[in-house]
2 protein chains.
Amino acid sequence: MNLKQLAHMLALSQTTVSRALNGYPEVNEETRRRVMDAAKRHGYRPNPSARRLATGKTGMIGYVLPTGASVDIDPHFVEFLSGLGDYARSHELDLVLSPADADDQETTYRRIVANRQVDAVYISSPRPADRRVALVNTLGIPFIVHGRSEGFDFDYPFTDIDNEGAFHEASRLLIQLGHRRLALINGDDRETFAIHRERGVRRALAASGLALGERHVCSVVMTEENGYRATKRLLEAGDAPTAIVCSSLIMALGVVRAVRDLGLTIPGDVSLIAHDDVFPWLRPENFSVPLSTTRSSIRLAGARVAERLAARISGLEEGVRGEVWPVDLVVRGSVAGAPA
Amino acid sequence: MNLKQLAHMLALSQTTVSRALNGYPEVNEETRRRVMDAAKRHGYRPNPSARRLATGKTGMIGYVLPTGASVDIDPHFVEFLSGLGDYARSHELDLVLSPADADDQETTYRRIVANRQVDAVYISSPRPADRRVALVNTLGIPFIVHGRSEGFDFDYPFTDIDNEGAFHEASRLLIQLGHRRLALINGDDRETFAIHRERGVRRALAASGLALGERHVCSVVMTEENGYRATKRLLEAGDAPTAIVCSSLIMALGVVRAVRDLGLTIPGDVSLIAHDDVFPWLRPENFSVPLSTTRSSIRLAGARVAERLAARISGLEEGVRGEVWPVDLVVRGSVAGAPA
DNA sequence: CAAGAAAGCCAAAGCGCTTTGGAAGACTCT
DNA sequence: AGAGTCTTCCAAAGCGCTTTGGCTTTCTTG
C-alpha cells in the first residue's frame, strides 16, 4: 500500500494525502480525518527510503563504533545504550552503529555525513582537542558529545558529569579522615574524564598542602587485572598509600583482590573509593566490604543524550550549551580513618 | 557529485556509468576503467538513499533491542558487538539497533521488515518456540539466530555453542573427582542456553546414577548479587553441594564472595566451574583462586553471525544449516577432589 | 454585486539511482 | 555481399515520497 494507491482509493491527489498525513495546514480538517482514517485502516506506512530520498531525513542517529581485534568496547556502553534506546524507542528513532577502524574513524564520519545516513551523531569518550569533535563540528551535522573535550576555539554541545568535582570530594573526604598518602588508579589519561579526575584529586590534596606522589597515580585500561596490578605495585612500594581512589568498579574488584592478597584489609589498612557508573550486574554495596563510590548513572546520561539529539534534529535545541551533572558521593564501609 | 554530473562530464549516459561502477559485463573494459578512474578522482559515492529506493538494498543489518526501565542489556553484548562490528566494518555493513518495548518486539520486527530498513536481522538469547524466530521466518527476511530455539516444525539457520556438552563435561569432571552433590547456578531458565546447560549437568549425573537435587538448581538473572545469594542459600542448607557449576563469570564473583563469607574455601570445601564468554576486562585466571571454566568466545560468535548474515544477504548461503561450536573446558585451581 | 482574499485541492517536477528495452556499429559466417 | 550475432552504449521508465506553483471554489468586503 503506497501513497499513490491510497490517494487513488480516496479519490484525492497524492499531494493532498501527503499533506494531510504530515499535518500541513492547507487541508480541510474533514478531509484530513478521512485520510488519517483510511491510512490507519489500511495500515499505510510511508516508505522510509522514499521519504529519505525526498527529505533527507532518516529518523536515525549515528554512532561510529571503533573496532579492531585489539579494541575492546567499554562495558559501560550497554548501560549507555539502555538509556539511549529507552528514549529513542518512544520517539521512533533508530540507532545506527557504523563500525570503523579505531585508527581511522574520520573516514567513517565523513561517509555517514556525506551519505546523509543519519540525522545526528553522538561522540563518546572524547579526548582533549578530539579530532572527531572538530570534524563533526565542521561537517555541520547535529551532534552531542558525551563527556568533554578541551582546547578548541569553538564551543560545542555536550553532556558530561562533574568528574573533577566528584574526585575532589572523594579525596577531600579521605584527607579529612587523616589520610596523607592518596593514590589514584585512573583510566586512560589521554581521555578527558581521566584528566579531570586527576585534577580533582590534586586540587583536594593541594588544598591541604599535600601532593599526589608521582608513583601514586597510574593510568591504565580499566580491567580487573589492571586494578589488581596497580594496587599490588602501589602497596608493595616504600611509601604505600593509605587510601586509593579508583576510576571504575571493575578495577575496584582487582584492588580488593590485591589488598586481600597482601594480607591487608579494607578499610583497616587501605581506604577505597571508586567511581560507579551504576551497573545492574555489579553493585558497590555488594562488595565484600561495601564500597564507597562517586555515583552517576550512565544510563540516564544515555537517555539525556538521546533527548538532546532529538531536540537538535527537530530544531528545538540550538546553540552550544554544555551541561555538567553533579555526582553523588556515597559513603559505605570501605573508608575509615588513616591507620596510625 | 551525483551520477548525472559524473555521466555528463564523461560524456556517457547514466546507464553506462552505473553499470561500469556496479561491475556489469556489458561495458567495455576500457570504458569501465575511465569511469572508475573518474569516480575515484572526484570522490563520487552513490547516494545510498537513492540506491535503496531503487534496489531495496540497504547495506545494513538489524537488531531489535529490547529496552525499558527494568530491562538490562546483557553486558556480553559489547563483546558480541565487537566481533560483529569487526566483520561488518570490512564489508561496509552498518548495524541498526531498533529499540523496542521488551514486551512487544513483534511490532518492531514487522516495521523494519515492512519498511525494508535492513537487509537481514539476527536474533539473540532465543527461548524455546521463540516467537521472534517464527515471526522472522514467516516475514521472509534473511536472518541468523545466535543461540537456539526449539520445538518448531521448521528449521532455521543458527550459530550456537554446545552448552549441553560443555556443562556435561564440567559436571563429569567434578563427578570423577568424587563430588556427589553438584549444584547449578544458572541463568534465566526460560532461555534455551540455560535449559541446555541444565540438561548437560543432569545427563552427567545420571550417567553415574546421581541426580540434581531439587534445591540444587537455581535460575536467576546473572548478576554478582544473585550469584552470592544463590551460593549462600545452597551452602547454608542441609545437604550443601561440594561443587558448583555456574553460568557466568559475573555470577561467579558472587559465588566466590559467598564462599569466603561463610568461612569456606575454594577448592577445599567447594569446587567451582563457571562459563566464560571471554571478557577482556574480567578474566577467570585472575580470580583469587584461578577459576576453571567452560570457555567460548562470544566475540568470535559475533563475527561469525555477521559473516553468515552477509553471506545470506548476497545469496551465498542458503538453506537452514545450524552450526554448533564446541566449548573448551579449561581446568584451573578452583576444582579439586571432593572433601572427605 | 464585483473584486480581492483565502481555503482547498491538484498536476507535475524533482530526489539520485537501477534497470528495461532498444539501437547502432562492429564482427562473423556463408 | 547480405544476414545474423555480439558488443557497447543510450533514453526513458520506474522506485515512493515531498514540494512547488497554480488552479478552482468559496468566503469576505466595500
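- Relative to the axis of its first five pairs, the axis of the last five pairs of the helix from C:dC1-D:dG30 to C:dT30-D:dA1 sits at 40°, rounded to 10 degrees.
- Around the CZ atom of B:R116, the shell of radius 6.0 Å holds no more than 12 heavy atoms that belong to other residues, nucleotides or ligands.
- When the P atom of C:dG16 is taken as reference, atom CZ of A:R51 falls 18 Å away, rounded to whole Å.
- A salt bridge links A:R110 to A:E106: one of the charged nitrogens lies within less than 4.0 Å of a carboxylate oxygen.
- Of the side-chain N and O atoms in A:Y24, none sit less than 4.0 angstrom from OP1 or OP2 of D:dT18.
- In this entry the distance linking CG of A:N47 with C1' of D:dG16 reads 6 Å, nearest Å.
- Atom pair B:Q14:CD and C:dT19:C1' shows a separation of 12 Å (rounding to whole Å applied).
- The side-chain hydrogen bond (donor to acceptor under 3.5 Å, both in side chains) test applied to B:R33 returns no partner, not counting sequence neighbours.
- For the pair B:V118/B:I61, no side-chain contact is recorded, criterion being any heavy-atom separation below 4.5 Å from C-beta on.
- Between A:Y156 and A:F152, the angle of the ring planes goes over 60°, which puts this pair in the perpendicular group of the 30/60° scheme.
- A:R19 places its CZ atom 14 Å from the P atom of C:dA7, with the value rounded to the nearest Å.
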Listed pairs under 3.5 Å, donor-acceptor, residues 18-27 of chain A side chains, sequence neighbours left out:
unit_1, atom_1, unit_2, atom_2, d
A:N22, OD1, A:R51, NH2, 3.2
A:N22, ND2, A:S18, O, 3.2

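- Taking 4.0 Å as the cut-off between side-chain N and carboxylate O, B:R89 and A:D104 do not count as a salt-bridged pair.
- A:I73 contributes atom CD1, which lies 4.5 Å from atom CG of B:L81 (distance to the nearest 0.5 angstrom).
- With salt bridges taken as basic N to acidic carboxylate O contacts below 4.0 Å, none links A:E150 and A:R148.
- Within residues 26-35 of chain A, the residues having any heavy atom under 4.0 Å from DNA chain C are, by residue number, A:E26, A:V27, A:N28, A:T31.
- Atom CG of B:L21 and atom P of C:dC17 are 10 Å apart (whole Å).
- Taking a 4.0 Å limit (strictly below) on heavy-atom distances, residues 2-13 of chain B reaches DNA chain C at B:N2, B:L3.
- Rounded to a whole Å, the CZ atom of B:R52 is 13 Å from the C1' atom of D:dG16.
- Put simply, the side chain of B:S98 does not reach to within 4.5 Å of the side chain of B:L65, judged on heavy atoms.
- Nearest to the side chain of B:A54, among D:dC15, D:dC17, D:dT19, sits D:dC15.
- To the nearest angstrom, P of D:dC17 lies 12 Å from CZ of A:R45.
- Applying the ring pair (Phe, Tyr, Trp, His ring centres under 6.0 Å) rule to pairs touching residues 101-143 of chain A yields A:Y63-A:Y122, A:F80-A:Y122, sequence neighbours excluded.
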